[in-house]
J.: 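What follows is a single structure, and I will ask about it in a moment.
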There are 4 protein chains.
Amino acid sequence: MIRIDQRSSTPIYQQLVQEIKEVILRGVLQPGDKLPSVRELSVQLTINPNTVQKSYQELERQKIIENLRGKGTYVSTHYKPREDTEKLSVLRDDLRKVLIEAHYLGLDEEKITEMVRQLLEELTIREGDR
Amino acid sequence: MIRIDQRSSTPIYQQLVQEIKEVILRGVLQPGDKLPSVRELSVQLTINPNTVQKSYQELERQKIIENLRGKGTYVSTHYKPREDTEKLSVLRDDLRKVLIEAHYLGLDEEKITEMVRQLLEELTIREGDR
Amino acid sequence: MIRIDQRSSTPIYQQLVQEIKEVILRGVLQPGDKLPSVRELSVQLTINPNTVQKSYQELERQKIIENLRGKGTYVSTHYKPREDTEKLSVLRDDLRKVLIEAHYLGLDEEKITEMVRQLLEELTIREGDR
Amino acid sequence: MIRIDQRSSTPIYQQLVQEIKEVILRGVLQPGDKLPSVRELSVQLTINPNTVQKSYQELERQKIIENLRGKGTYVSTHYKPREDTEKLSVLRDDLRKVLIEAHYLGLDEEKITEMVRQLLEELTIREGDR
DNA sequence: GTGGTCTAGACCACA
DNA sequence: GTGGTCTAGACCACG
């Protein structure tokens with residue numbers, strides 16, 4: 001369900017954050033669901049527990065998951081994006097970078113728009129819809 | 001014309017690569033135009049010459065600029081994007097990341113699409129069009 | 001009357017100690033009053049009986065409540081704060097932490113003082129006064 | 001300048017965060033000043049570099065300090081507290097806890113208010129004022 | 001020389 | 001059994 005690329009230059013803990021966010025967004029993990037324990041996941045992915053820990057803490061900081069004392073970690077039931085103009089401006093910048101890159105790879109506007117459309121569709125297939 | 005954020009977590013040399021690519025894309029620098037010398041630019045941006053050097057090397061590797069020995073560095077006159085399925089897949093992944101992030105910031109598909117549209121427009125205003 | 005936040009990072013048993021202290025301070029529970037049994041309270045708050053037990057023990061250690069064997073747990077009738085320079089110095093430290101935090105949240109001295117005043121007022125409304 | 005209590009139950013990294021915040025608030029370290037490097041401070045305090053690192057990262061997250069790529073860590077020059085109702089409510093709660101504790105230590109309102117006044121005074125002595 | 005990441009392994013508090 | 005903290009030691013990217 002979750003894949004880590006040990007060879008990638010992006011830190012493992014960030015990959016993991018990313019993957020979990022995606023899994024939740026797609027509805028594979030729903031609000032209230034239990035995530036695997038730190039130890040469990042570390043064994044499964046053959047990475048160090050501390051690394052998993054770091055990812056979980058980052059996700060908790062973002063209010064996407066929450067820890068229930070001694071019971072484990074769960075997908076937040078009440079995640080609410082809050083206005084964050086700074087993050088929004090960062091997002092815009094990241095998007096700009098990607099679009100510039102796309103141009104240099106020879107994609108025209110049409111192809112880019114199509115790729116966006118496709119990805120958005122992919123990401124919004126909820127489990128419940130199946 | 002070019003701005004570097006010393007506090008950003010993305011390496012300065014990568015920021016610079018990014019900025020130069022954007023400047024070229026927007027037509028501020030056109031094929032055949034001369035880029036500032038490493039020393040010049042390093043002074044102007046108050047960053048280490050080695051850092052500028054590294055950026056120029058990266059851009060040269062990508063065939064976006066070229067160095068004429070003793071004469072300086074110029075925007076390539078013959079840049080041609082080539083099919084690169086690996087880079088394309090990386091791009092797709094980066095785009096996916098941004099879109100996931102957008103969702104968690106509370107943007108719906110409409111707002112995302114609009115943002116893409118806006119950025120694409122911004123990026124394709126060529127100097128020549130003015 | 002008593003609220004526990006399972007998601008909070010402060011241990012449940014400490015939250016409970018805190019809450020009971022507050023309830024007594026406000027006079028909702030008066031000296032001599034009976035506290036709910038461990039079992040009762042654990043059911044009511046849907047927490048582990050061991051956790052309630054731990055809280056009661058802590059409160060007993062602080063002489064704030066007392067256990068009459070077989071009869072239940074009662075608010076002490078003879079609580080007397082005793083000079084405890086160590087605890088006082090801990091308190092001072094905790095207060096300092098809060099005040100530093102307040103500054104970093106942008107509160108000026110006036111606002112801080114006002115907040116203290118308000119809270120003190122809130123806390124000293126006794127049931128008997130109603 | 002900074003003291004860590006290895007025996008304390010509060011994590012070292014949190015103590016360090018706290019201490020640095022206080023040092024900055026008192027003006028011993030001013031905006032733009034360089035903090036000791038991770039390694040340096042870890043040697044000085046005889047704690048693990050990772051622990052210092054964790055503190056620095058937490059402070060950076062709070063925008064109180066910032067990292068200048070390869071040059072070291074500096075006190076932010078443009079810290080601006082931003083409206084954060086959630087943090088404010090946590091602060092209020094913490095303050096309430098302290099005040100309750102104070103009552104149980106036998107302090108009356110007058111003494112509490114006086115202690116607050118004293119601490120506020122202590123904390124707002126800036127280096128520049130000396 | 002600076003911080004960022006990761007591993008291995010240990011201990012502890014909490015429920 | 002769960003996560004939280006800490007240490008020791010290693011490697012790496014960046015400037």
Side-chain angles (χ1 to χ4, degrees), chain A residues 4 6 8-16 34-42 45-60 65-74, chain B residues 4 6-16 42 45-55, chain C residues 4 6-16 42 45-55, chain D residues 4 6 8-16 34-42 45-60 65-74:
Chain A
I4 296 300
Q6 300 266 12
S8 164
S9 67
T10 68
I12 295 178
Y13 86 95
Q14 275 184 25
Q15 290 182 48
L16 189 47
K34 190 177 185 304
L35 281 83
S37 82
V38 170
R39 299 198 213 310
E40 219 177 310
L41 195 50
S42 74
L45 302 177
T46 59
I47 58 180
N48 191 289
N50 287 336
T51 308
V52 177
Q53 172 86 341
K54 195 169 180 182
S55 303
Y56 276 20
Q57 282 179 346
E58 175 61 24
L59 286 164
E60 203 175 354
I65 66 178
E66 53 195 13
N67 193 281
L68 263 56
R69 342 245 30 251
K71 286 197 200 161
T73 306
Y74 297 80
Chain B
I4 297 300
Q6 301 264 14
R7 296 181 212 88
S8 165
S9 65
T10 67
I12 294 178
Y13 86 95
Q14 276 183 24
Q15 290 183 49
L16 189 48
S42 74
L45 302 176
T46 59
I47 59 182
N48 194 304
N50 292 333
T51 308
V52 177
Q53 181 68 11
K54 194 167 180 179
S55 304
Chain C
I4 296 300
Q6 301 263 15
R7 295 180 212 88
S8 163
S9 65
T10 67
I12 294 178
Y13 87 96
Q14 276 184 24
Q15 289 182 49
L16 189 48
S42 75
L45 302 177
T46 59
I47 59 181
N48 195 304
N50 292 334
T51 308
V52 177
Q53 180 69 8
K54 194 167 180 180
S55 304
Chain D
I4 295 301
Q6 300 266 12
S8 164
S9 68
T10 68
I12 296 178
Y13 85 96
Q14 276 184 25
Q15 291 182 47
L16 189 47
K34 189 176 184 308
L35 281 85
S37 82
V38 170
R39 300 198 212 310
E40 221 178 309
L41 194 50
S42 75
L45 302 176
T46 60
I47 57 180
N48 190 289
N50 288 335
T51 308
V52 177
Q53 172 86 342
K54 195 169 179 181
S55 304
Y56 275 20
Q57 281 178 347
E58 175 60 25
L59 287 164
E60 203 176 353
I65 65 179
E66 53 196 13
N67 192 281
L68 263 55
R69 343 248 27 253
K71 285 197 200 163
T73 306
Y74 296 80

J.: Distance-only check: which donor-acceptor pairs under 3.5 Å involve side-chain atoms of residues 7-14 of chain B, not counting sequence neighbours?
T.:
from   : atom 1 : to      : atom 2 : distance (Å)
B/Arg7 : NE     : D/Glu66 : OE1    : 3.2
B/Arg7 : NE     : D/Glu66 : OE2    : 3.0
B/Ser8 : OG     : B/Thr10 : N      : 3.0
B/Ser8 : OG     : B/Thr10 : OG1    : 3.1

J.: Could you list the residues that satisfy side-chain hydrogen bond (donor to acceptor under 3.5 Å, both in side chains) with B/Asn50, not counting sequence neighbours?
T.: B/Asn48
J.: Checking all strands, does D/Ser9 fall into the base, sugar-phosphate, or nothing category for heavy-atom contacts under 4.0 angstrom?
T.: nothing
J.: Rounded to whole Å, please give me the gap between NZ in A/Lys71 and C1' in E/dA13.
T.: 17 Å
J.: Any salt bridge (charged side-chain N to carboxylate O under 4.0 Å, His left out) pairs touching residues 47-57 of chain A, not counting sequence neighbours?
T.: none
J.: Once you round it to whole Å, what is the distance between P of E/dT5 and OH of D/Tyr56?
T.: 17 Å
J.: Please list each protein N or O that sits under 3.5 Å from an N or O in nucleotides 6-10 of chain F, with the distance.
T.:
from  : atom 1 : to      : atom 2 : distance (Å)
F/dC6 : OP1    : D/Ile12 : N      : 2.2
F/dT7 : OP2    : D/Asn48 : N      : 3.1
F/dT7 : OP2    : D/Thr51 : OG1    : 2.5
F/dA8 : N7     : D/Asn48 : ND2    : 3.0
F/dA8 : N6     : D/Asn50 : ND2    : 2.7
F/dG9 : O6     : D/Asn50 : ND2    : 3.1

J.: From CG of A/Leu35 over to C1' of F/dG1, roughly how many Å is that when rounded to an integer?
T.: 16 Å
J.: Find the distance A/Glu60:CD to F/dG4:P and express it as a whole number of Å.
T.: 6 Å
J.: Between atom CD in A/Glu58 and atom P in F/dG3, what is the gap in whole Å?
T.: 17 Å
J.: Going from OH on A/Tyr56 to CG on A/Leu16, what distance comes out if it is rounded to the nearest 0.5 angstrom?
T.: 7.0 Å
J.: Given 3.5 Å as the limit, does a donor-acceptor pair link the side chain of A/Thr46 with the main chain of A/Ser42, or not?
T.: no
J.: For the atom pair CG (A/Leu35) and CG (A/Leu41), what is the distance rounded to the nearest 0.5 Å?
T.: 8.0 Å
J.: In whole Å, I'd like the distance from the CZ atom of D/Arg69 to the C1' atom of F/dA13.
T.: 9 Å
J.: Expressed in angstrom and rounded to an integer, what is the separation of A/Gln15 atom CD from E/dG4 atom C1'?
T.: 15 Å
J.: In what stems does DNA chain F take part, counting only runs of at least 3 consecutive Watson-Crick or G-U pairs whose two distances fall under 3.5 Å?
T.: E:1-14 with F:1-14
J.: With distance as the sole criterion, do the side chain of D/Arg39 and the base of E/dG1 form a donor-acceptor contact below 3.5 Å?
T.: no
J.: Return the minimal non-hydrogen interatomic distance between D/Val38 and D/Gln53, and the atom names on each side.
T.: CG2-OE1, 3.6 Å
J.: CD/B/Gln15 to OG1/B/Thr51 distance, rounded to the nearest 0.5 angstrom?
T.: 11.0 Å
J.: Going by the rule salt bridge (charged side-chain N to carboxylate O under 4.0 Å, His left out), which residues pair with A/Glu40 if we only count those two or more places apart in sequence or in a different chain?
T.: none
J.: Can you measure C/Gln53 atom CD to E/dC14 atom P for me and round it to whole angstrom units?
T.: 16 Å
